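Just so we're on the same page: letters track the sequence lines, and every chain starts at 1. The model shown is predicted, which means the values in this text are computed figures rather than measured ones.
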Amino acid sequence: MAAEIHYQTIATLAARLAAGELSAVELMQAVIDRTRAVDDRVRAFNSRDEADALAQAAASDARRSAGEAMGPLDGIPVALKDVIAVEGQPLTASSRMLADFVSPYDATVVKKLRQAGAVLWGRLNLDEFAMGSSTENSAFGATHNPWDLSRVPGGSSGGSAAALAAGEAIATLGSDTGGSIRQPAAFCGVVGLKPSYGLVSRYGLIAFASSLDQVGPFTRTVEDAAMLLQVLAGHDPLDSTSFTAEIPDYRAAVCAGPRSRRLGIPKEYFGAGLDPEVAAAVRAAIAFYAAQGWEIQEVSLPHTEFCLDTYYIIATAEASSNLARYDGIRYGHRSQSAGDVTELYEKSRAEGFGAEVKRRIILGTYVLSSGYYDAYYRRAQQVRTLIRSDFLRAYEQVDALLTPTSPMPAFRHGEKADPLAMYLCDIYTIGVNLAGLPAISIPGGFTQAGLPIGLQLIGRPFREAELLATARNYEQAHDWHQRRPNL
Amino acid sequence: MNYEAVIGLEVHVQIKTRSKMFTRVASGYGHEPNTLTDPVVLALPGVLPVMNKAALDAVIKAGLMLGCEIAPVCKWDRKQYFYPDSPKNYQISQYDQPICLGGAVEIELPGSARNVMGEHKSIPLTRIHLEEDVGKLNHGATDSLIDFNRAGTPLMEIVSEPALRSADEAFAYLTALRAIMVQGGISDCDMEKGQLRCDANISIRPVGQTTLGTKVELKNLNSISFVRDGIAHEIKRQMAVLARGGTIVQETRDYDGQTGASQSLRSKEMAHDYRYFPDPDLMPVQVDQAWKERLRAGCPELPFDRQRRYFTDFQLPYTLTSVLVWDRALAEYFEAAACAAGNDKAQAVGNWIVNDLLRELGQAGLALADSKVRPEQLAELVRLVDTGVLLTGAAKEVFVEMFATGEAPAAVARRRGLEAAPTDAGALEQWCREAIAGNDKARAEFKSGKDSAINAFKGPVMKAAKGKADPKAVDATLRRLLAGD
């Protein structure tokens with residue numbers, strides 16, 4: 001039986017749109033209908049503009065009938081994490097601070113999606129300012145995991161993962177600072193790619209931690225991820241940290257298959273706290289690659305144990321600075337009870353930010369303070385260099401690393417009330433951000449309770465094509481990615 | 001006890017670039033409030049800074065002119081503090097690795113008279129760094145408005161060592177620094193527009209003591225004269241405090257140039273923690289040798305270097321040089337005219353420029369660039385005077401006409417009939433005889449050896465010649481007649 005329209009892949013839908021079997025308006029309407037049917041339970045969206053999306057779809061159909069379709073993404077509904085600026089649309093970061101903010105400009109990735117003809121669809125929920133691993137830290141309420149509504153979708157891009165898993169979009173964009181794409185992808189049974197730092201422009205992405213943030217796609221297949229990355233990647237003169245090299249044809253490279261076959265298994269990623277069902281799924285994947293003739297090597301990333309501390313110093317330091325602009329002066333929440341400017345800052349920020357955001361701003365302010373800078377921030381930057389060197393040394397022996405994405409499958413709402421317990425969800429993903437590497441989470445099985453398990457593959461810097469090809473090698477031999485939640 | 005003042009200046013200079021420091025929106029002054037803004041200037045969610053390379057070029061050029069060491073890498077830091085004029089609540093600046101280190105500003109202190117060159121000193125610089133300007137607050141009775149037009153304008157901060165010893169030295173320092181910035185094309189340095197701003201750190205100490213006294217920072221010094229007056233006032237104030245047994249409090253004071261009084265703004269006992277850290281949005285920029293050499297090639301000669309060259313190459317008097325070298329366009333005009341006229345005529349050229357050209361420009365309210373008299377034409381005028389074709393009085397008339405019409409001097413002289421008369425030896429001899437015959441007293445004095453007595457005959461001769469006689473020929477004829485007398 002052919003999948004329902006809202007559960008089809010970009011590749012399939014692009015072909016159907018091109019063949020005239022389906023119009024972009026029909027596709028958009030199917031996605032709208034599905035969203036209306038399920039989102040009161042999933043709560044993936046912060047806001048949706050159905051009329052605007054249908055108008056974009058109609059424009060896509062008009063282009064296509066005029067013979068001016070702009071490529072495979074033309075007419076494909078792509079929903080966006082609510083930290084990516086779309087001109088004329090709300091941009092809230094799931095924060096009270098920006099509850100009424102409407103962006104007057106487009107992010108570079110949004111410009112690129114428009115140029116590719118994609119239909120921009122809806123603003124997806126997240127942990128406030130992308131700080132969290134469960135999408136419970138949203139000022140507008142938690143998102144629910146489509147596989148088990150009592151559980152979290154992961155975070156911070158929980159809305160992006162849940163919407164895709166629930167058929168509320170054909171693809172979505174998220175952002176990943178310490179695992180915020182890969183962990184929710186794992187929890188929701190979809191593909192999530194964090195590109196190399198610098199491959200995708202950050203202009204128009206609300207900054208959490210500038211040296212770690214990357215925008216990336218959530219898709220149903222690795223091929224779809226390649227198709228979306230093709231549009232997103234490339235140098236942006238508006239982002240000084242963006243990479244200038246030429247972008248390969250990802251879809252062609254992915255379909256051609258991996259060129260090398262040496263897989264590393266970092267021993268530090270299988271420690272205490274790893275759920276046995278997740279461990280078993282990763283072991284099965286290792287066995288699969290071995291059976292395919294891959295050379296499997298255990299490798300060591302000796303500074304892994306320092307990743308969490310390093311991350312929470314660098315990320316909070318940058319966040320404390322990046323979030324200083326939300327002060328109630330020019331835009332955003334302004335306290336109505338302030339007497340002078342100092343009180344205006346204090347009250348606007350006290351009222352506008354949630355607890356986790358405040359916790360990180362305070363921590364970041366502390367580590368940058370005079371007298372503590374050398375002990376914390378400078379030291380963390382030095383350790384960060386060592387962490388990156390660990391990976392680069394491993395890549396002298398292997399071409400990719402295979403690990404669990406998350407130590408556990410999706411947990412229940414409210415289960416991790418202790419911030420430290422929540423931070424530990426990211427232990428397998430944050431090293432990648434600190435090292436600036438590309439990594440992908442792909443569906444790798446299910447627990448006995450029916451919860452998705454994610455496999456993480458980590459690649460060499462800017463070798464996304466090879467990484468995607470490696471991931472597709474597994475995906476083609478398994479059907480995890482074709483299963484749908486019972487909603 | 002005798003005290004000396006120790007003064008260090010922090011000078012902010014806005015760099016003249018088309019666009020702002022980290023975004024493409026235009027930089028400018030005098031526009032409608034909040035029109036020179038964009039998402040980056042307003043620090044909207046998601047925006048990123050991109051460095052304006054022209055601003056970095058300008059600060060490196062300034063550093064090269066001032067003899068600074070240029071850092072191999074331009075690195076950016078965030079200086080963090082909350083204030084409504086700062087849209088991001090951090091300022092992108094340079095903390096531990098300023099783009100320019102060291103260097104110096106040569107200054108000239110007032111001489112004993114206007115036409116006497118004063119003492120020169122070299123005031124060492126600590127550093128120059130690049131940053132972005134903030135917006136402007138306008139406080140009303142019940143509210144405050146913010147204009148972000150200025151926010152994000154490229155700004156360089158030039159920090160001197162505490163090497164200045166008087167208000168006059170500070171005045172001379174700013175005068176020299178401003179001229180260098182203007183001549184280098186780095187800034188227009190209009191203090192009224194806030195393009196040059198100065199804060200002064202002032203302390204006093206007993207003469208002979210090497211440690212520094214408690215410093216007071218003086219702010220809002222919005223003209224170079226106010227800088228001098230404010231510093232002089234602050235030195236006096238500190239002396240008075242010590243004289244009555246008080247102690248100097250470390251503080252920031254506001255000097256009001258209109259009333260000549262200062263008042264305390266805040267005490268500085270609580271040092272601000274700016275939580276500097278490297279800006280992760282901006283990559284460090286490598287500044288290689290080729291880049292520096294390209295900029296060095298575009299650096300103009302410094303005013304005092306030019307002045308020394310004018311002394312040796314042209315033997316110009318101090319008064320002329322002290323007018324010419326402080327205006328790059330005027331100096332270049334002079335050099336072009338002197339080159340066309342020949343180095344030995346340079347002083348005459350200089351005199352014409354300083355006395356006549358500047359006067360005419362001033363009266364007409366024109367800038368040098370508007371002058372219709374081209375340097376070669378001025379050189380030609382000087383040549384006509386030198387060869388006796390034009391007499392001084394006639395030449396002045398010719399110049400005024402040239403200034404008005406842009407005509408060549410020879411053409412003006414011919415049209416107006418102002419050329420000196422061709423030498424009619426017979427007529428000249430007749431006028432000379434009459435002049436000698438008409439003044440027995442002068443004749444007797446000359447005969448008895450008083451050479452200058454000959455001048456008494458020249459007036460009547462010139463009068464008879466209606467001013468058109470060649471003075472050299474008159475002199476020679478008189479001497480011949482007096483000798484044969």
Side-chain angles (χ1 to χ4, degrees), chain A residues 83-85 91-93 95 97-98 101 103-105 107-108 129 198 201-207 209-213 236-242 314 317-318 320-327 329-332 341-342 344-346 349 364-373 377-378 381, chain B residues 22-25 34 37-53 74 76-92 95-96 134-135 137 139 142-148 151 270-285:
Chain A
V83 280
I84 299 170
L91 179 60
T92 71
S95 177
M97 182 60 86
L98 293 175
F101 184 76
S103 176
Y105 77 101
T108 297
F129 282 102
S201 168
R202 292 186 296 116
Y203 187 79
L205 167 69
I206 290 186
S210 312
S211 72
L212 301 163
D213 296 340
D236 178 9
L238 297 179
D239 177 357
S240 310
T241 61
S242 91
I314 292 172
E318 293 179 5
S320 72
S321 177
N322 287 332
L323 270 63
R325 69 189 57 196
Y326 307 110
D327 58 6
I329 301 279
R330 286 148 292 120
Y331 56 83
V341 70
T342 306
L344 182 68
Y345 288 144
E346 289 171 358
R349 289 165 69 80
T365 304
Y366 175 76
V367 301
L368 288 178
S369 299
S370 166
Y372 297 95
Y373 179 88
Y377 192 76
R378 191 186 299 280
Q381 289 292 7
Chain B
F22 294 108
T23 183
R24 286 184 285 204
V25 75
N34 294 310
T37 64
D38 67 0
V40 176
V41 170
L42 296 175
L44 296 191
V47 297
L48 295 172
V50 175
M51 187 189 81
N52 178 351
K53 196 164 158 288
C74 171
W76 298 102
D77 300 288
R78 293 184 182 178
K79 178 182 183 178
Q80 311 196 69
Y81 61 96
F82 278 77
Y83 205 66
D85 63 6
S86 171
K88 298 183 290 296
N89 287 316
Y90 62 79
Q91 182 188 25
I92 304 176
Y95 175 51
D96 55 348
V134 295
L137 292 178
H139 298 291
T142 57
D143 58 3
S144 293
L145 299 173
I146 316 173
D147 178 6
F148 289 108
M270 292 253 295
H272 210 298
D273 181 0
Y274 290 116
R275 291 177 285 114
Y276 282 101
F277 80 110
D279 193 323
D281 287 331
L282 289 162
M283 306 302 276
V285 180

With chain B, the option among A/Asn322, A/Leu98, A/Leu344 that has the most non-hydrogen atom pairs under 4.5 Å is A/Asn322

So, the part of B/Tyr276 with a heavy atom under 4.5 Å from chain A: the answer is backbone

Output for pair (A/Asp327 CG, B/Asn89 CG), nearest 0.5 Å, gives 4.5 Å

Comparing A/Ser321, A/Gly371, A/Ala207 against chain B, the one with the most heavy-atom pairs below 4.5 Å turns out to be A/Ser321

- Query: Does OH belonging to A/Tyr372 count more than 12 external heavy atoms closer than 6.0 Å?
  - Reply: no

(Q) Side chains of B/Phe22 and A/Ser240, heavy atoms from C-beta outward: is any pair under 4.5 Å? (A) no

Residues passing the side chain to side chain contact (heavy atoms under 4.5 Å, CB included) test with B/Arg24, sequence neighbours excluded, are A/Leu238

Interatomic distance, CZ@B/Phe82 vs OG1@A/Thr342, rounded to 0.5 Å, equals 11.0 Å

Without swapping roles, check the side chain of B/Asp273 against the backbone of A/Ser369 for a donor-acceptor pair under 3.5 Å. no

With chain A, the option among B/Leu44, B/Leu42, B/Ile146 that has the most non-hydrogen atom pairs under 4.5 Å is B/Leu44

Checked A/Asp213, A/Val367, A/Ile329, A/Thr365 vs chain B; the most non-hydrogen pairs under 4.5 Å come from A/Thr365

Looking only at A/Thr241, A/Val83, A/Val341, most heavy-atom pairs under 4.5 Å shared with chain B are made by A/Thr241

Residue from A/Pro237, A/Ser211, A/Gly204 scoring the most non-hydrogen pairs under 4.5 Å with chain B is A/Gly204

Heavy-atom closest pair (A/Tyr331 atom, B/Ala43 atom, distance to 0.1 Å) is OH-O, 2.5 Å

In terms of heavy-atom contacts, B/Pro39 and A/Tyr203 come closest through CB-OH, 4.4 Å

Looking only at B/Gln80, B/Arg275, B/Met283, the option with the highest number of non-hydrogen pairs under 4.5 Å against chain A is B/Arg275

Between the OH atom in A/Tyr377 and the CZ atom in B/Phe277, the distance rounded to the nearest 0.5 Å is 5.0 Å

So, the part of A/Phe101 with a heavy atom under 4.5 Å from chain B: the answer is side chain

Contacts satisfying salt bridge (Lys or Arg N to Asp or Glu O under 4.0 Å) that involve residues 78-89 of chain B (not counting sequence neighbours) are B/Arg78-B/Asp279, B/Arg78-B/Asp281, B/Lys88-B/Glu132

Is any side-chain heavy atom of B/Pro45 less than 4.5 Å from a side-chain heavy atom of A/Phe129? no

ask   = Does the side chain of A/Arg325 reach to within under 4.5 Å of the side chain of B/Val47, using non-hydrogen atoms?
value = yes

